[in-house]
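For reference, positions follow the sequence shown, starting with 1. No hydrogens, no waters, no symmetry mates; every other heavy atom, side chains included, goes into these values.
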Amino acid sequence: MSRTTPSPRRTRRLPLALFFGAATLTTLTAASAAGGLFGLRAQSLASTTWTRIEDDFAELRQETRDNSVRFWTRVSPNTKIARRARDRAGQAAATTKPSGPIDDAGLVAPTAPVIDSTPVLSSGGRVSSNSSRPRLVNLPMPVPAVDKSSAAYTRFKGWVDSAVAGNRGYAFSAAEAALMYQLSPEAKYCTLAVQMVEEQVTAAESAIASGGRPAVAGDSYLEVGPYIADLASTMTACGGSITASQRTRWSNYAEQAVWNVWNYNNATWGGRSHPWTGWSVTNPGNNYYYSFVEATMYWALASGNATWFNFLRDNKLAALQTYFARLPGGGSSEGTGYGTSHMRLFSLYRIWRDATGYDLANASTHASDSIPYWIHATVPTLDRFAPIGDQARSSVPDIYDYHRRLMLEARSVATNPVIQNQATWWLNNISIARMGSGFNYRYDLLPVGTTASMPSDLIYHARGTGHLFARTSWTRDAMWLAIVAGPYNESHAHQDQGSFTLFSGDWLAVTANIWSRSGINQGTDVHNLVRFVRNGTVARQCESTTKASTLTVNPGAGGSFTADANLTPAFCNADAVTNWQRNFAFANRRLTVRDTFSITSGTTATFQVNVPVAPTLVNSREATAGRLRVRVLEPANATINSNFSTGKYIEDGARYRIDVQGGTTGYVVELSEI
């Protein structure tokens, strides 16, 4: 796991009087935003006060703007996802303000938040000043304009109202109460949001006082994003309901949590050393990274902290842009399970765009490409998806709320109306017509769109991830195929280079991982490829950032194609396999796979197909499994092993595998529908 550290940044300390004046103004303008006692008079007073103190902020803001211009002129204009509900009462905060330790690159922890005291609008944005001086932006409302007559709004309001009444649903969050206040400014919503964040802080103070770490640090800070988003959203929407003492304690907590994420070697709580591994702080392709960026972004925007704002913009968001520019075609190198974490990534794009005007989503094609990626990764019955990589939330790859949210988020940042209309078609036709879990109701507030267009392309090759999808038509009875051949460079990806999945009405041939308890069986045993075994040991495919399998696709008519894969780079070394080429030919609802390989002495090669039902041996060169027929065409001496495995290669011992054996230089096998 490689580690790099942030670039050094200077911090500034505001004059004490200015700090208190800004805090007072923030409280005043938050009350104004609520439309309560002060109303427009408070907005006017706040604006006047801002004019008097603006000069004190000008230098810092100018520096921020200058840095921003230098960076963005280089930018083109264009979780673990497993069930991780958060028990908000147990979430944490810290009492220690970051100070002292300096990370390896010299980044000093911020010593005082920079408060943007421009008047707060009910949307969460800031009132503009007549001055031409640049401003630090504020955290925007997390959803666009909402139709309050819609079923989605009614459902979300009912979810929040139930929590207000004392019945907090599974994984209910303070951010939801804060959002409801922004949509309908009733004091009860802020009362609940503030109460929940205060519960986090109190629990954290107790943990820290006893020498421990607060819950926000758990599982390598995986959930730091939602924790800090709760706090930041509440501070933004409900500033008038927060006391000065609470603001100080909450700010200290957020500063320490965010600082600890990026300064993992020097992380502290309560003045005590609590270092952690720094897992994925430098890997924009990993789902943890999005949580880290979420925490930093929400806090930087809510507090106006220029240090975090600049660090985020110049370092972590720049890294995101560079990484995803290398993934044309959309999707995730983590696969389709952990790949749903892009719902959070695309949400961050939207928040940053609405807050700053900078469109990271369209700095590369990845976000918009992810719309057709997921459309094509969905099987023709529109209720399941290609099970690529770990499937930790549920080993069975059924469409769930997370996939719906991912598409809604991608659509919200896309600018191509053709792609947006295809997203609308998918959202209107998948098996999940609305969010099923209460904690996801808020995402149904994102617009589905009114114009739907069915895709016309039958083949989609995501070159960045190396995932290929093809189908015979867009009807539900179509035959569908997925192939993996590309980079293998993420921990949640599998040893599945060269594998395929075949579907027609149901799974015909699919990874056995989907029938396991864990959903994280990564070995070659569970995938549809050639299994190479040397002296009793299965040859492993290994993660690499320097070499990758390749796939060249030649499309034909009606979803037909031929594709050539070079899979030699997937292996850790040449002890067992010195060369493996695989050719796919798909036409007329038939897949023909031709393998050519070179193996070392003592190595055997077995063509394997994992199937959902017990196979029947027709003869030594043909077998059926449900509606799938498997025929061996070459070599002449190759046979199908009649001792069909019952899945002992996964922890459940479930389902079956057809093994074709005897080939020493290659195989040709045909898979068709009965």
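With a 6.0 Å cutoff to the six-membered ring centre and a 45° limit on the axis angle, R657 counts as a cation-pi contact of Y649. For the pair R471 and W474, the cation sits on the ring face: its NZ or CZ lies under 6.0 Å from the ring centre, inside 45° of the axis. Seen from the ring of W507, R384 counts as a face-on cation partner, given the 6.0 Å and 45° thresholds. For the pair R405 and Y443, the cation sits on the ring face: its NZ or CZ lies under 6.0 Å from the ring centre, inside 45° of the axis.
Each of N583, T552, T550 was checked for a side chain to side chain donor-acceptor pair (under 3.5 Å) with D564, and the lone residue meeting it is N583.
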Task: side-chain contact (heavy atoms from CB on, under 4.5 Å) between D398 and H403, worked out - done: CA-CA 9 Å; D398 293 329; H403 307 90; over 6 Å; no
- [ ] Output, in order, the C-alpha distance, side-chain angles, deciding distance and verdict of side-chain hydrogen bond (donor to acceptor under 3.5 Å, both in side chains) for S395 and W515.
- [x] CA-CA 7 Å; S395 60; W515 295 299; over 6 Å; no
Open item on the list: Would L345 and Y289 count as a side-chain contact (heavy atoms from CB on, under 4.5 Å) here? Give the steps.
Closed with: CA-CA 9 Å; L345 173 66; Y289 191 92; over 6 Å; no
Task: Worked verdict on H366 versus S364 for side-chain hydrogen bond (donor to acceptor under 3.5 Å, both in side chains) - done: CA-CA 6 Å; H366 175 265; S364 73; 5.7 Å; no
Open item on the list: Quick one, E634 with R594, criterion salt bridge (Lys or Arg N to Asp or Glu O under 4.0 Å). Give me CA distance, side-chain angles, the key distance, then yes/no.
Closed with: CA-CA 9 Å; E634 296 178 17; R594 179 181 295 273; 3.5 Å; yes
Task: Candidate pair L671 and F500, rule side-chain contact (heavy atoms from CB on, under 4.5 Å), full reasoning - done: CA-CA 11 Å; L671 299 96; F500 62 87; 3.9 Å; yes
- [ ] Apply side-chain hydrogen bond (donor to acceptor under 3.5 Å, both in side chains) to E673 and S504, showing your working.
- [x] CA-CA 8 Å; E673 194 175 14; S504 177; 2.5 Å; yes
- [ ] In sequence, state the C-alpha distance, the side-chain angles, and the governing distance for F584 and L591, and then conclude on side-chain contact (heavy atoms from CB on, under 4.5 Å).
- [x] CA-CA 7 Å; F584 300 90; L591 172 66; 4.2 Å; yes
- [ ] List the steps, then state whether side-chain hydrogen bond (donor to acceptor under 3.5 Å, both in side chains) holds for Y488 with D496.
- [x] CA-CA 9 Å; Y488 174 25; D496 61 354; over 6 Å; no
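Y460 places a side-chain N or O within donor-acceptor distance of the main-chain N or O of G329, the cut-off being under 3.5 Å. Looking at T296, its side chain does come within 3.5 Å of a backbone N or O of F292 through a donor-acceptor pair. At distances below 3.5 Å, at least one donor-acceptor pair connects side-chain atoms of N513 with backbone N or O atoms of N521. Side chain of Q661 to main chain of I640: no donor-acceptor pair is present (N/O by atom type, distance under 3.5 Å, no hydrogens or angles). The backbone N or O of G666 sits nowhere less than 3.5 Å from a side-chain atom of D595 that would complete a donor-acceptor pair. The closest donor-acceptor contact from the side chain of T578 to the backbone of A574 lies at 3.5 Å or more, if one exists at all. Side-chain atoms of N619 come within 3.5 Å of backbone atoms of R621 as a donor-acceptor pair (strictly under, hydrogens ignored). For E294 (side chain) and E223 (main-chain N/O), no donor-acceptor pair under 3.5 Å exists by modelled atom type. Panel note: side chain D401, backbone M435; no donor-acceptor pair is recorded below 3.5 Å. Checking side-chain atoms of E622 against main-chain N and O of V630 turns up no donor-acceptor pair under 3.5 Å.
Between W580 and F571, the ring-plane angle classifies as tilted under the 30° and 60° cut-offs. Using a 30° and 60° split on the angle between ring planes, H342 and F346 fall in the tilted class, from 30° to 60°. Classified by interplanar angle (parallel below 30°, tilted 30° to 60°, perpendicular above 60°), the ring pair F503/W480 is perpendicular.
Side-chain atoms of Q522 and D390 form a donor-acceptor pair, as typed in the model, at a separation below 3.5 Å. N535 and T537 share no side-chain donor-acceptor pair at under 3.5 Å. Side-chain contact check for N566 and Q581: at least one donor-acceptor pair (N or O, by modelled atom type) lies under 3.5 Å. For the residue pair T568/N579, the side-chain donor-acceptor check at 3.5 Å is satisfied. For the residue pair E651 / S518, a side-chain donor-acceptor distance below 3.5 Å is found, with atom types taken as modelled. S437 and Y400 are linked by a side-chain donor-acceptor pair at a separation below 3.5 angstrom, with hydrogens and angles left out of the test. Side-chain atoms of E490 and N283 form a donor-acceptor pair, as typed in the model, at a separation below 3.5 Å. Side-chain contact check for T600 and T603: at least one donor-acceptor pair (N or O, by modelled atom type) lies under 3.5 Å.
The side-chain heavy atoms of Y323 and S333, taken from C-beta on, include a pair separated by under 4.5 Å. Between S645 and Y656, the closest side-chain pair of non-hydrogen atoms is not below 4.5 Å. In this structure, the side chains of P372 and I419 come closer than 4.5 Å at one or more pairs of heavy atoms. Using a 4.5 Å heavy-atom threshold, the side chains of V530 and Q608 count as separate. Counting heavy atoms from C-beta outward, P284 and L320 have side chains that approach closer than 4.5 Å. Side-chain atoms of I520 and Q391, non-hydrogen and from C-beta on, never get closer than 4.5 Å to each other. Within the 4.5 Å cutoff, side-chain heavy atoms of L633 are placed close to those of R631. Residues L502 and V510 form no side-chain contact, since every pair of their non-hydrogen atoms from C-beta on lies 4.5 Å or further apart.
Under the 4.0 Å criterion applied to side-chain N and carboxylate O atoms, D659 and R531 are assigned as salt-bridge partners.
Aromatic pair Y264/Y221: ring centres not closer than 6.0 Å.
Nearest heavy atom pair, residue Y373 against residue T336, reads OH-CG2, 3.7 Å. Residues I514 and P387 approach most closely at CG2-CB, 3.6 Å, considering heavy atoms. Of all heavy-atom pairs between S491 and N286, the closest is OG-ND2, 4.3 Å. Summarising the geometry of S672 relative to R590, their closest heavy-atom pair is CB-NE, 4.0 Å, with the distance given to 0.1 Å. Contact detail for Y288 and S280: the closest heavy-atom pair is CB-CB, 4.0 Å. Heavy-atom minimum distance, A509 versus L628: CB-CD2, 4.3 Å.
Atom NZ of K547 has more than 12 neighbouring heavy atoms from other residues, nucleotides or ligands inside a 6.0 Å radius. No more than 12 heavy atoms of other residues, nucleotides or ligands sit less than 6.0 Å from atom CZ of R463. Heavy-atom contacts from other residues, nucleotides or ligands closer than 6.0 Å to CG of D383 number more than 12.
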